[in-house]
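Written below as structure tokens is the structure these notes are about.
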Amino acid sequence: MKVIDIIKSSDKPFASFELVPPLKGSDVNKLYNSIEPLLEFAPPFINITYHRDEIEYRPNADGSFEKSVITKRPGSVAIVAAIMKRFNIEVVPHLICGGNSKYKLENDLLDLNFLDVDNVVALRGDAVAGQKVFVPEPDGYTYASQLVAQINNMNKGIYLDDTLKDATPTNFCIGVAGYPEKHYEAPNSSTDIRNLRQKVDAGADYVITQMFFDNQKFYDFVTECRNAGIDVPIIPGLKPISTFKHIDMLPRTFHIDLPEELMYEIRKCKDNSEVYQVGIEWCTMQSKDLIKNGAPAIHYYTMGKADNITKILKQSF
Ligand code: FAD
């Protein structure tokens, strides 16, 4: 079922979850074990992230370095099929422009279509480590809106090879990313929201937001989106803080702020188990407030850890 139809037919807010495919060589059962406790909350879908190849410089015996392209989390399409088969649940794969040509993306989309996957989240992806700016592949895309347009074309039976006649249309519902605290590359939030509008105009059905820790930023973002003519559902994304390390890592990686009230509570913690508890309480408070204020759903960034999320859901939904 399409995410947009799930949202439209749902009479109360629901929770969805984002999971990460296993690292190469690790046991897929770890991923399954992190999904199982979440099933109690009947998520109508779960998202699976996409990870582009990374470049590493590995030392040789003579002291020189060799450049290696490393696929740390392979099998993006296969893991979607494996989860659907095992749990009989709707899976929403993420697809990124980074590292992919439009032809590769078309083939990945066809693989997903053959597997009866009705949903994708279309993203640009980040620059590879060591590159300051995002560089598209030859025959690739600079912005996610271009990928959205490609998927929208496939939904009309228009493939990249324009000699194809009567090509079978795909049937994808398309999600895109939104940033309540602005995407870090955008010169200002109005421009970023205008660029988000391009994704919606190109065919996106709904928006999922980057994590945020201050609900007012989400509410202001929704108001600005509506004022800019973006009328599709906007699903807030939340992540509970769980260790001291997150205080540095989350703002640096995701370009988001941690409110002073939250930092005040964390500063009082003696160890990570206390931070973990503060993270649960803060995220529960955010969840309850979002539900009270009419969020259609809440999307939780689990990072493969279900325990704190289940505690939050038990108190919030
Ligand atoms: P875009 O929408 O293309 O925007 C990127 C930047 O370009 C923005 O600053 C935007 O304002 C600007 N821009 C857009 N269009 C134009 C234009 N026409 N002219 C000028 N500027 C423009 N990354 C992964 O690698 N894998 C994942 O699975 C993944 N999942 C994610 C899920 C969610 C919900 C979110 C919020 C992010 C996710 N990301 C993922 C991270 C994402 O790839 C990065 O944030 C990336 O830097 C931007 O992706 P985007 O799709 O928002 O890009």
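Note that ligands are numbered from 1 as they come in the structure, with each ligand's atoms numbered from 1 the same way.
Under 4.0 angstrom from ligand 1, the non-hydrogen atoms of His94 all belong to its side chain. Residue contacts with ligand 1 for Tyr179 involve side-chain atoms from C-beta outward but no N, CA, C or O (heavy atoms, distance under 4.0 Å). Residue-level proximity to ligand 1 for Arg52 is absent, since no heavy atom of it falls below 4.0 angstrom. Counting heavy atoms closer than 4.0 Å to ligand 1, residue Ile96 contributes side-chain atoms (C-beta onward) but none from N, CA, C or O. Of the heavy atoms in Phe254, none comes closer than 4.0 Å to ligand 1.
Taking the six-membered ring where the residue is Trp, Phe212 and Phe218 present parallel rings, their angle staying beneath 30° rather than reaching 60°.
Using a 4.0 Å cut-off to heavy atoms of His183, the atoms of ligand 1 that qualify are 5 (C), 6 (C), 8 (C), 9 (O), 45 (O), 46 (C), 47 (O), 48 (C). Ligand 1 places these atoms under 4.0 Å from at least one heavy atom of Ala186: 9 (O), 11 (O). Each of the atoms 15 (N), 18 (N) of ligand 1 lies under 4.0 Å from some heavy atom of Gln198. Residue Ala177 approaches ligand 1 through these ligand atoms, each under 4.0 Å from one of its heavy atoms: 35 (C), 36 (C), 52 (O). Listed by number with element, the atoms of ligand 1 under 4.0 angstrom from any heavy atom of Thr49 are 28 (O). Near Asp192, the atoms of ligand 1 lying under 4.0 angstrom from a non-hydrogen atom of the residue are 8 (C), 9 (O), 10 (C), 11 (O). Within the listing of ligand 1, atoms 10 (C), 11 (O), 12 (C), 13 (N), 14 (C), 15 (N), 16 (C), 17 (C), 21 (N), 22 (C) sit less than 4.0 angstrom from a heavy atom of Asn195.
In summary, the side chains of Ser9 and Asp5 do not present any donor paired with an acceptor at a separation below 3.5 Å, with no hydrogens or angles considered. Checking Asp192 against Asn188 by side-chain atom types alone, no donor-acceptor pair falls below 3.5 Å. A donor-acceptor pair shorter than 3.5 Å cannot be found between the side chains of Ser242 and Asn308. Checking Ser189 against Tyr179 by side-chain atom types alone, no donor-acceptor pair falls below 3.5 Å. Side-chain contact annotation: Asn272 with Lys245, donor-acceptor N/O pair under 3.5 Å absent.
Ligand 1 has a nitrogen or oxygen under 3.5 angstrom from a nitrogen or oxygen of Asp126. Not one N or O of Thr191 is nearer than 3.5 Å to an N or O of ligand 1, by distance alone. Checked against a 3.5 angstrom limit, the closest N/O atoms of Lys199 and ligand 1 fall inside it. When only interatomic distances are considered, the shortest N/O to N/O separation between Arg124 and ligand 1 falls below 3.5 Å. The shortest N or O to N or O distance between His51 and ligand 1 is not under 3.5 Å.
Proximity of Gly125 to ligand 1 is established by a heavy-atom distance of less than 4.0 Å.
Met303 and Ile312 fall within a single hydrophobic cluster, where Ile, Leu, Val, Met, Phe, Trp and Tyr side chains are chained together by heavy-atom contacts under 4.5 Å.
One finds no salt bridge joining Glu224 and Arg194 here, because no Lys/Arg side-chain nitrogen approaches an Asp/Glu carboxylate oxygen to under 4.0 Å. The existence of a salt bridge linking Asp257 and Lys217 is confirmed by a sub-4.0 Å separation between a basic side-chain nitrogen and an acidic carboxylate oxygen. Arg124 and Glu185 are joined by a salt bridge, as a carboxylate oxygen and a charged side-chain nitrogen come within less than 4.0 angstrom of each other.
The residue among Asn47, Ile48, Leu123 with a heavy atom at the shortest distance from atom 39 (N) of ligand 1 is Leu123. Among Tyr143, Tyr184, Tyr301, Tyr141, the residue whose heavy atom lies closest to atom 14 (C) of ligand 1 is Tyr143. The heavy atom nearest to atom 3 (O) of ligand 1, out of those in Ala144, Gly178, Ser189, Ser145, is found in Ala144.
Aromatic pair Phe134/Tyr143: ring centres not closer than 6.0 Å. Two rings, from His299 and Tyr301, have their centers less than 6.0 Å apart. If you look at His255 and Tyr184, their ring centroids are closer than 6.0 Å.
Protein heavy atom in closest approach to atom 26 (N) of ligand 1: Tyr50 O, 2.7 Å.
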